[in-house]
Q: 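First the structure, then my questions, so here it is.
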Amino acid sequence: MTSPIELDELDCDFKESVQESTPEANLDLCLTCGACTGGCPASELLDMDPRKLLRMVLLGMDDEVRKTPWAWVCTMCARCFKACPMKINIPKLVYSIRKSWPRDKAPKGIRGSCDQHIRTGNAMGVPSKDFIWVVEDVAEEIRENDPKFKDLQVTVDRKEAHFVINQNSREPVTEPDELGPLWKILHTVGADWTYPSVMWAGENYCLFLADEEGWKYILEEFVYHIDNNLGATVVVNTE
Amino acid sequence: MQKFNIPHNFEFTSIITLYAQWIKEGKLKVNSDWNRDLKIKFTLQDPCNIVRKTWGEKMADDLRFVIKTVVGEKNFVDMIPCGTNNFCCGGGGGALQAGLPEQRRAYGKVKFDQIMKTGANYVFAPCHNCHGQMEDIGEFYGGNYHVVHIWTIMCLAMGMLGENERSYLGPDLAEFGL
């Protein structure tokens, strides 16, 4: 025989922890309208969708919520959040679920990229000296092969440059020839720019891992380098 | 930086905003003459991070201004929906490295169908994750489009794209302007 759910007796620890850390999430306001789910490309994957996930949180199904690998299928793209008439922050909920995963159980690829970034300043784990070598090598090749760019200047850690540019580490590491076109554009407009040698990469897998300690460390190191060592006015991300 | 209240003395911007500014100021002299007769069609993936989640409509507008300047207004086809209401490609949030390729590709089918409906030969991907994901789903579902960085087509339009800087171009543009 079915019995009614006694709301007062539900144990909703996970919900409470999310509300505490992100008071703006307002999970209780859900009208179950499904606008989130209707416009979500991750709906139905692994038999889960945003509305269902939120229902499970509100019903105190904490074990299932904490374990669902759907938290890593959802990309936290925030389309659901934008559509929600009650402004419920589902991406933050998913982020909280990721954060609740033991670090060693989180997807290896994301964890590895976060670890590499903390250790080396980029998700590919390339030492800064190798990054600098690649940059100088590609620049030299362009200067030699293309008379229009015989004066092309590419620098790392040049003090007082106006712009500091972050680049996705896959570009210098796996497709260095993709660096040239951007440099040529910067050269053409006469931009005063440099790359940083510390935390030089544009990506951030610690954010995806919900590793706040790592994420904060990366940012602090980066900000310190820019403000104390370089003194740039503008930081530019290339993506 | 906002999240952790880290004080800093610099501004933060995107290269797209600078491209738009430089074109308007006349510093970046680029146009779509190269594509006037070729009429190659382009579409754009609005990256969730810089559009919906950070700079909103302003970034969506800057992207379109830059791209239309470079390929020609008539040769640009938007996906539906797009801009701040765009679908994520399915590669974001670390999904490319989450070890769930089957689900990632099922997610990406939405994007693949959107791209195919535009009939475009090229998709601009101003984000490396989007780039990787759209190439992967294109290959997986049998798409005939190419995924390109904005800087590639911008340099092509200005006649300064090197021979070794063309790995993402299709055969129609592989030797263009060399």
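Below, chains carry the letters A, B, ... as their sequence lines are ordered, and counting in each starts from 1.
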Q: Heavy-atom pairs under 4.5 Å with chain B: which of A:E203, A:M76, A:K184 has the most?
A: A:K184
Q: Listed by residue number, which members of residues 78-90 of chain B have a heavy atom under 4.5 Å from any heavy atom of chain A?
A: B:P81, B:T84, B:N85, B:N86, B:F87, B:C88, B:G90
Q: Heavy atoms under 4.5 Å from chain B: which residues of residues 232-239 of chain A carry them?
A: A:A232, A:T233, A:V234, A:V235, A:V236, A:N237, A:T238, A:E239
Q: Should B:D62 and B:K58 count as an ion pair when the cut-off is N to O under 4.0 Å?
A: yes
Q: Taking every non-hydrogen pair under 4.5 Å, which of B:C48, B:P47, B:G132, B:G108 racks up the most with chain A?
A: B:C48
Q: Indicate the ring-plane relationship of A:Y195 and A:W193, choosing parallel, tilted or perpendicular according to the 30° and 60° boundaries.
A: perpendicular
Q: Under 3.5 Å, side chain of A:K52 to main-chain N/O of A:D47, donor-acceptor pair present?
A: yes
Q: Between B:N129 and A:R170, is any side-chain donor less than 3.5 angstrom from a side-chain acceptor?
A: yes
Q: For the ring pair A:F149 and A:H187, is the centre-to-centre distance below 6.0 Å?
A: yes
Q: Can you confirm whether more than 12 heavy atoms, excluding those of B:E175, are under 6.0 Å from its CD atom?
A: no
Q: What part of B:L100 gets closer than 4.5 Å to chain A, counting heavy atoms only: side chain, backbone, both or neither?
A: side chain
Q: Among the options B:K53, B:K27, B:E11, B:R104, pick out the one with the most heavy-atom pairs lying under 4.5 Å from chain A.
A: B:E11
Q: If we count only N and O atoms by modelled type, under 3.5 Å, do the side chains of B:N75 and B:Y122 hold a donor and an acceptor together?
A: no
Q: If I measure from the heavy atoms of chain A, does B:K3 come under 4.5 Å with its side chain, its backbone, both, or neither?
A: side chain
Q: Could you tell me which portion of A:L186 (side chain, backbone, both or neither) has an atom closer than 4.5 angstrom to a non-hydrogen atom of chain B?
A: side chain
Q: Less than 4.5 Å to any heavy atom of chain B: does that hold for the side chain of A:A191, its backbone, both, or neither?
A: side chain
Q: Counting only heavy atoms closer than 4.5 Å, note whether A:F81 contacts chain B via side chain, backbone, both or neither.
A: neither
Q: Checking B:I16 against chain A: side chain, backbone, both or neither under 4.5 Å from a heavy atom?
A: neither
Q: Against chain A, work out which of B:L96, B:I6, B:V110, B:T17 has the most heavy-atom pairs shorter than 4.5 Å and name it.
A: B:I6
Q: Using non-hydrogen atoms and a 4.5 Å limit, figure out which bit of B:M160 sits close to chain A: side chain, backbone, both or neither.
A: both
Q: With a 4.5 Å cut-off on heavy-atom pairs, point out which of A:R98, A:E44, A:K108 contacts chain B the most.
A: A:R98
Q: May I ask you to say whether A:D211 pairs ionically with A:K99, meaning some side-chain N is under 4.0 Å from a carboxylate O?
A: no
Q: Would you kindly say whether the two SG atoms, from A:C114 and from A:C206, are closer than 2.5 Å?
A: yes
Q: Sort by residue number and list every member of residues 136-150 of chain B having a non-hydrogen atom under 4.5 Å from chain A.
A: B:H149
Q: For B:V77, does its backbone N or O pair with a side-chain atom of B:T43 as donor and acceptor, under 3.5 Å?
A: yes
Q: Any chance the side chains of B:Y168 and B:T152 put a donor and an acceptor closer than 3.5 Å?
A: no
Q: Would you say the side-chain atoms of A:H225 and A:D157 include a donor-acceptor pair closer than 3.5 Å?
A: yes
Q: Chain B heavy atoms under 4.5 Å from A:K216: which part of the residue, side chain, backbone, both or neither?
A: both
Q: At a heavy-atom distance under 4.5 Å, which candidate from A:L179, A:V164, A:V223, A:I226 has the highest pair count against chain B?
A: A:V223
Q: Within the supplied structure, the quantity of interest is the number of heavy atoms (other residues, nucleotides, ligands) at a distance under 6.0 Å from A:K87 NZ; does it exceed 12?
A: yes
Q: Heavy atoms only, distances under 4.5 angstrom: which of A:L209, A:I165, A:V73, A:D227 has the most pairs with chain B? Name it, please.
A: A:D227
Q: Side-chain donor-acceptor pair under 3.5 Å between A:S43 and A:D49, yes or no?
A: no
Q: State whether a side-chain donor-acceptor pair under 3.5 Å links B:Y107 with B:E102.
A: no
Q: Would you say A:E221's side chain and A:I218's backbone share a donor-acceptor pair under 3.5 angstrom?
A: no
Q: Which region of A:L45, side chain (C-beta onward) or backbone (N, CA, C, O), has a non-hydrogen atom less than 4.5 Å from a non-hydrogen atom of chain B, or is it both or neither?
A: side chain
Q: Check ring pair (Phe, Tyr, Trp, His ring centres under 6.0 Å) between B:F176 and all other residues, then give those that pass, not counting sequence neighbours.
A: B:W34
Q: Let's go through B:K109 and B:D113 carefully: what are the C-alpha distance in whole Å and the side-chain angles of both, what is the deciding distance for salt bridge (charged side-chain N to carboxylate O under 4.0 Å, His left out) to 0.1 Å, and is it a yes or a no?
A: CA-CA 6 Å; B:K109 183 68 168 48; B:D113 291 342; 3.0 Å; yes
Q: Please answer whether the main-chain N or O of A:R158 pairs with a side-chain N or O of A:T194 as donor and acceptor at a distance below 3.5 Å.
A: yes
Q: Is there a donor-acceptor contact under 3.5 Å linking the side chains of A:W72 and B:Q103?
A: no
Q: If you draw the axis of the six-membered ring of B:Y19, does the NZ or CZ of B:K24 fall within 45° of it and under 6.0 Å from the ring centre?
A: no
Q: What part of A:Y95 lies closer than 4.5 angstrom to a heavy atom of chain B: side chain, backbone, both or neither?
A: side chain
Q: Can A:W215 and B:F4 be said to form a ring-ring contact (aromatic ring centres under 6.0 Å, His included), step by step?
A: CA-CA 9 Å; A:W215 180 7; B:F4 301 112; 5.1 Å; yes
Q: Between chain B and each of A:C77, A:C40, A:P107, A:P91, count heavy-atom pairs under 4.5 Å; write down the option with the most.
A: A:C77
